[in-house]
Amino acid sequence: MKKFFKMLKEDVDVVFDQDPAARNRFEVILTYSGVHAVWAHRVAHALYRRKLYFIARVISQLSRFLTGIEIHPGAKIGRRFFIDHGMGVVIGETCEIGDNCTIYQGVTLGGTGKEAGKRHPTLKDNVLVAAGAKVLGSITIGEWAKIGAGSVVLKDVPHNSTVVGIPGQIVVQNGVRVNNKDLNHHKLPDPVKEKCDSLEDRIAELEEELHELRGVSKEDDHQAL
């Protein structure tokens with residue numbers, strides 16, 4: 001029990017290390033939704049480990065309602081975990097988070113489908129995940145890695161790396177900038193546009209086949225219309 005309360009104290013202490021807006025403990029304890037969500041999770045996870053699944057889920061859902069942060073009680077979270085702002089954060093059941101990790105609002109640590117077993121990410125110690133990033137699947141984010149805002153990460157990230165983009169690409173590794181030719185922020189992949197282009201190409205092919213069957217050229221057909 002002493003260790004548990006020490007962990008709760010550390011959850012408050014880390015706020016002062018990560019958030020310059022924090023002024024005093026009283027304010028942090030009463031007004032920081034990220035702290036509330038982490039504390040609720042620690043209680044829910046303790047119950048979950050004792051197979052009190054229903055009560056654990058009730059606590060996690062109540063916390064979700066009050067804080068806007070959804071953490072499955074099965075997720076394993078280390079010490080000094082900081083959620084800044086926090087609204088819209090989702091952390092899946094088999095997610096594992098090491099010590100001294102920080103995530104921001106809108107982050108999803110989720111799965112990629114309905115696969116069984118380990119299906120959510122593992123974050124090693126000292127990982128930072130910026131606002132709106134999505135880290136999906138049973139992948140590992142190495143120690144001291146940073147995930148840029150809005151990135152979508154679908155594969156393992158090495159230690160001491162910075163990843164940005166959709167899909168996520170390494171731009172810095174061990175303090176050295178990586179010359180990634182695939183990463184061009186003003187030309188990020190657009191799946192909707194790619195699908196529309198594919199449909200337009202297919203329509204053009206079908207029009208050509210139709211004109212051949214009718215024995216008229218495409219130009220003659222347009223003039224007839």
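Since this is a predicted model, take the numbers as computed values, not measurements.
For Tyr53, the ring-ring contact (aromatic ring centres under 6.0 Å, His included) partners at least two apart in sequence or on another chain are Tyr48. With sequence neighbours left out, His45 forms a ring-ring contact (aromatic ring centres under 6.0 Å, His included) with His41. Residues passing the ring-ring contact (aromatic ring centres under 6.0 Å, His included) test with His120, sequence neighbours excluded: none.
A salt bridge does not link Arg80 with Asp17: none of the charged nitrogens is closer than 4.0 Å to a carboxylate oxygen.
Both Val35 and Val43 are assigned to one and the same hydrophobic cluster, defined by single-linkage of ILVMFWY side chains at heavy-atom distances under 4.5 Å. Following chains of ILVMFWY side-chain contacts shorter than 4.5 Å, one can reach Phe16 starting from Ile29, so the two form part of one hydrophobic cluster. Placement of Ile59 and Val90 in two distinct hydrophobic clusters is found when ILVMFWY residues are connected by side-chain heavy-atom separations under 4.5 Å, directly or transitively. In the hydrophobic clustering of this structure, Ile77 groups with Val107; members are Ile, Leu, Val, Met, Phe, Trp, Tyr whose side-chain heavy atoms approach within less than 4.5 Å, directly or through other members. Both Ile166 and Leu136 are part of a single hydrophobic cluster, where members link through side-chain heavy atoms under 4.5 Å apart.
Between Ile71 and Ser60 the shortest heavy-atom distance is O-CB, 3.6 Å.
When each of Val163, Val127, Ile139, Leu123 is checked for a side-chain contact (heavy atoms from CB on, under 4.5 Å) with Val157, only Val163 meets the rule. The residue from Thr108, Ile147, Leu154 that alone fulfils the side-chain contact (heavy atoms from CB on, under 4.5 Å) condition with Lys134 is Thr108.
Among pairs with a residue in residues 138-164, none fulfils side-chain hydrogen bond (donor to acceptor under 3.5 Å, both in side chains), at least two apart in sequence or across chains. Residues in residues 25-38 take part in these side-chain hydrogen bond (donor to acceptor under 3.5 Å, both in side chains) pairs, two or more places apart or across chains: Asp13-Arg25, Asp19-Tyr32, Arg23-Glu27.
Taking a 4.5 Å side-chain heavy-atom cut-off between Ile, Leu, Val, Met, Phe, Trp and Tyr, the cluster of Phe65 extends to Leu62, Leu66.
No more than 12 heavy-atom neighbours from other residues, nucleotides or ligands sit within 6.0 angstrom of CZ on Arg64.
To the nearest 0.5 Å, atoms CG (Leu30) and CG (Asn24) are separated by 9.0 Å.
Put simply, the side chain of Ile55 does not reach to within 4.5 Å of the side chain of Val58, judged on heavy atoms.
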